[in-house]
Amino acid sequence: MGTATGLELGEAATTALTSRYEQHLLLPQWASAGARAVPAVVVTGFLGSGKTTLVQHLLDAGGGLRIGVLVNEAGHVDVDSALLNARQRNAAVGVRPADLSGGCACCAVSGAFGDALAALVGGRAYQELDLLFAVASVNALRSDRGVVAPWGCVSTGLSALLVAAAGRLDSLPPYVSVAGSQGLHQHTRRPAKCHAQPTADVTLVETSGAADAGALASALAGGGFLLDSVMCVVDAEAGAEMLRAAEAEEAPGGGGGGGGVGGVALAQLRAADLVVINKVDLATLGQISDLEDALRRINPSARLMRCRFGQVPPETALGAADAPCGGAAPGAAAGAVDGGMAAPEAAAPGGGAGDDATVGGGGEGFLSHEGLVARPTPRTGAGARPRPRLLRQQQGERAGNGGNGSSDHADRQRGAAPAHAVAFESVSVVLEEAPLCMACFQAWVAERLLRTPGLLRAKGVVWLSQRRRARYVFHLSGRARAECRAEGPWQGPPATRLVLIGQSDAAAAAATMPALPGGAGKESDTTSRGEDDSGLVEFSAEGVPLHGVVADLVNAQVLRAAGAAAAARAPGARFLCASGGAAPLSSLTGLAGAERPAAALQVAFRPWEGAPAGAAAWEALAGGAGAGAVLRRAYAHVTSCKCDVVAEMRLRKN
Ligand SMILES: Nc1nc2c(ncn2[C@@H]2O[C@H](COP(=O)(O)OP(=O)(O)OP(=O)(O)O)[C@@H](O)[C@H]2O)c(=O)[nH]1
């Protein structure tokens, strides 16, 4: 099945996950559990690093496995489950949302999470499902409160077969106990037991990027779930810089005390069994190499794995704690750091040649799952299974050695505020009455969101007047990279719902929208009118990819040229949206450039005095040196070659 990024999953990938799962069930600790415990994987990572993207990939790769997902979300607008649901072929089922309000949610998360787990395994709908896709939304921030989102499901039949084959029949006594409201060390408090028939094969737990995974892991481990491993996703482009700052902050005299952004990131990394270095398409080999050095310093025993768009080999979702530690697998080249995979295209150690080039798909030094031959991770001994690092840490802390991770919750026990509670604020923006003018939205993004210091993340869905029927998904993450793309029609009533997350009052500052409804800008007038296409130009480059044409590069050129031309002529007119087309939707990450192919691009111009409308505006702004010319130049050689592929370039006004 194609993903939103256009990357394909092979049958081998799904089979690999299934066979990894079978191996799990045959392990002695699972067989002797006396209950049908469900393996649980905690997926953590800093804000915007790509957790949802990775989880989505694993869901796509799930094949016959019934995978439940609990999403620990920041902010009261539950964006992540909406985003996941949007891409799922699942129907939502009617499990009543649970209110998780009250208290610092990361520290109250065990109780809330416990309730979510209990409901998960006890609900009637759950009993009827083959595969559960569960989303538990838990607020990890101070200002907003979370809710547990409705759960969705898909049906397959393979899992029952696997369970039977492994001798783990559903008639085994089911038992789930989840407990604790005070974080890592008190997971036996407030026991909440639920007798039910758990039928999910694997539970993936996605934490919000601001959350400490410890409380979630404790709740899982203290219940009928077996904590399999903790994965931490890191942004290849933004990661090294952030970790440098975090380590400096943590150093004696650094003044951080773990209460800043970096403290949360370090705690997450130290708890990880597997660190996924995501977004390698945006980073140079030098950046990735620096990042890997930092990661090995912070957590020498974690496995490291590079990928883009979360495309890890699906079977790594299970058994990360089993793999040989220390980064590189035996026999793998230095830098090719997957403990469980053969790696024919090993990354160049130390950055290698091409240090200045980003590491795109298949580029030098890039290690992706494509082309890799999956094989099971070797075990360290007959039946041996190392405990996930997080559990080892907790054990160490209880034994009084302090450990490295989860000092946040240790602080909490000593009465101090948890680190994340003082580090982040979230603000939700909900506009239901009218769609937004695309140009105004773009201007707000370019002039406000991208220029507010301390704003770490923004995401959500956007309702635009130029495309009322299309549901646009917006992300701002990493190094001020903004992306907005249409993802099909609205499933429910359209509305703009955004969550902004930042340090201190950055989110609140950024949320002011002078040019949007409710604000003071005159442009807001346009939103109350009908379909408004003034200033919007959609142009398509159809027929790509062509022989001899690198669509990614062409798109990057187009966007840069259009952005530069537009920005020079009209401030705020340089933000581009990708729209759906015949080709897979693409991700236009970055304001002025894109490294990924697009089927159709949109650019909207904020009206300015004397601006011509529509296509004329496009020509006025981008005409001579703009996108049209760039496209024509890029494809010029194709028409004169012997290829039977024809480049069709169009500038199309909506
Ligand atoms: N270029 C590029 N963009 C990526 C990659 N992976 C994810 N993204 C984009 O990064 C943005 C954030 O991705 P998410 O998966 O939502 O990140 P997240 O970690 O779940 O975010 P939070 O839950 O808010 O912490 C989205 O715009 C993704 O499309 C990648 O490998 N390369």
Side-chain angles (χ1 to χ4, degrees), residues 3-7 43-59 69 71-75 77-84 86-87 135 137-141 146 204-211 213 231-239 261 264-265 268 276-283 288 305-312 358-361 366 368-369 420 424 426 445 455-461 472-485 487 498-502 507 552 555-556 577-578 585-591 593-597:
T3 68
T5 61
L7 301 172
V43 180
T44 183
F46 196 66
L47 290 164
S49 55
K51 299 177 295 298
T52 306
T53 308
L54 181 138
V55 166
Q56 183 62 49
H57 162 69
L58 295 176
L59 287 173
V69 181
V71 179
N72 168 29
E73 176 58 290
V77 176
D78 179 24
V79 168
D80 269 353
S81 62
L83 296 183
L84 280 167
R87 293 188 213 137
V135 180
S137 176
V138 181
N139 174 29
L141 308 173
L204 288 168
V205 180
E206 184 195 339
T207 72
S208 94
M231 299 168 73
C232 182
V233 185
V234 182
D235 183 324
E237 185 193 28
V261 176
V264 176
Q268 289 178 341
V276 175
I277 302 171
N278 189 38
K279 304 195 185 182
V280 295
D281 56 311
L282 300 178
I288 297 171
M305 182 175 291
R306 301 175 183 184
C307 74
R308 58 186 171 135
F309 288 96
Q311 304 271 307
V312 295
T358 56
V359 190
F366 175 62
S368 81
H369 74 289
H420 53 269
F424 305 103
S426 78
V445 172
L455 185 70
L456 302 168
R457 180 83 167 106
K459 60 182 171 179
V461 289
Y472 279 81
V473 172
F474 174 74
H475 284 283
L476 187 153
S477 65
R479 277 181 148 179
R481 290 202 174 260
E483 168 190 327
C484 189
R485 61 173 185 249
E487 286 220 340
L498 296 165
V499 173
L500 277 50
I501 304 170
D552 294 26
N555 281 325
C577 293
L585 286 174
S586 53
S587 167
L588 301 183
T589 306
L591 264 188
E595 287 80 17
R596 307 195 56 74

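Only heavy atoms go into these numbers, but all of them, side chains included; no hydrogens, no water, no symmetry mates. Both counts, for ligands and for their atoms, begin at 1 and track the order of listing. Counting from 1, the numbers follow the sequence of the chain as shown.
- Of all the heavy atoms in Ala283 and Ile288, the pair that sits closest is CB-CG1, 3.8 Å.
- For the pair Cys307 and ligand 1, the shortest N or O to N or O distance does not fall below 3.5 Å.
- Distance CZ/Arg457 to CG/Leu500: 10.5 Å, rounded to 0.5 Å.
- Residues Val233 and Ser49 share a closest heavy-atom pair of O-OG, 3.1 Å.
- When every heavy atom of Cys307 is checked against every heavy atom of Gln311, the shortest pair comes out as SG-N, 3.8 Å.
- If you number the atoms of ligand 1 from 1 as listed, the ones under 4.0 Å from a heavy atom of Gly50 come out as 13 (O), 14 (P), 15 (O), 17 (O), 18 (P), 19 (O).
- Among the atoms of Phe309, some N or O lies under 3.5 angstrom from an N or O of ligand 1.
- With a heavy-atom cut-off of 4.0 Å, Ser49 touches ligand 1 through backbone and side chain alike.
- Once rounded to the nearest 0.5 Å, the distance linking CG of Asn278 with CD of Glu237 reads 11.5 Å.
- Considering both main-chain and side-chain atoms, Arg457 comes within under 3.5 Å of ligand 1 through a nitrogen or oxygen pair.
- The N/O atoms of Gly310, backbone and side chain alike, include none that comes under 3.5 Å of an N/O atom in ligand 1.
- The ligand atoms of ligand 1 that sit less than 4.0 angstrom from a heavy atom of Ser477 are 10 (O), 11 (C), 12 (C).
- Between Val234 and Gly239, the closest heavy-atom pair is CG1-CA, 4.0 Å.
- Against a heavy-atom cut-off of under 4.0 Å, Lys51 is close to the following atoms of ligand 1: 15 (O), 17 (O), 18 (P), 19 (O), 20 (O), 21 (O), 22 (P), 23 (O), 25 (O).
- Ligand 1 lies within reach of Gly48, whose nearest heavy atom is under 4.0 Å from it.
- Nearest residue to atom 9 (C) of ligand 1 from Lys459, Lys279, Arg308, Gln311 is Lys279 (criterion: closest heavy atom).
- One option in Leu456, Thr53, Asp235, Asn278 has a heavy atom closer to atom 6 (N) of ligand 1 than any other, and that option is Asn278.
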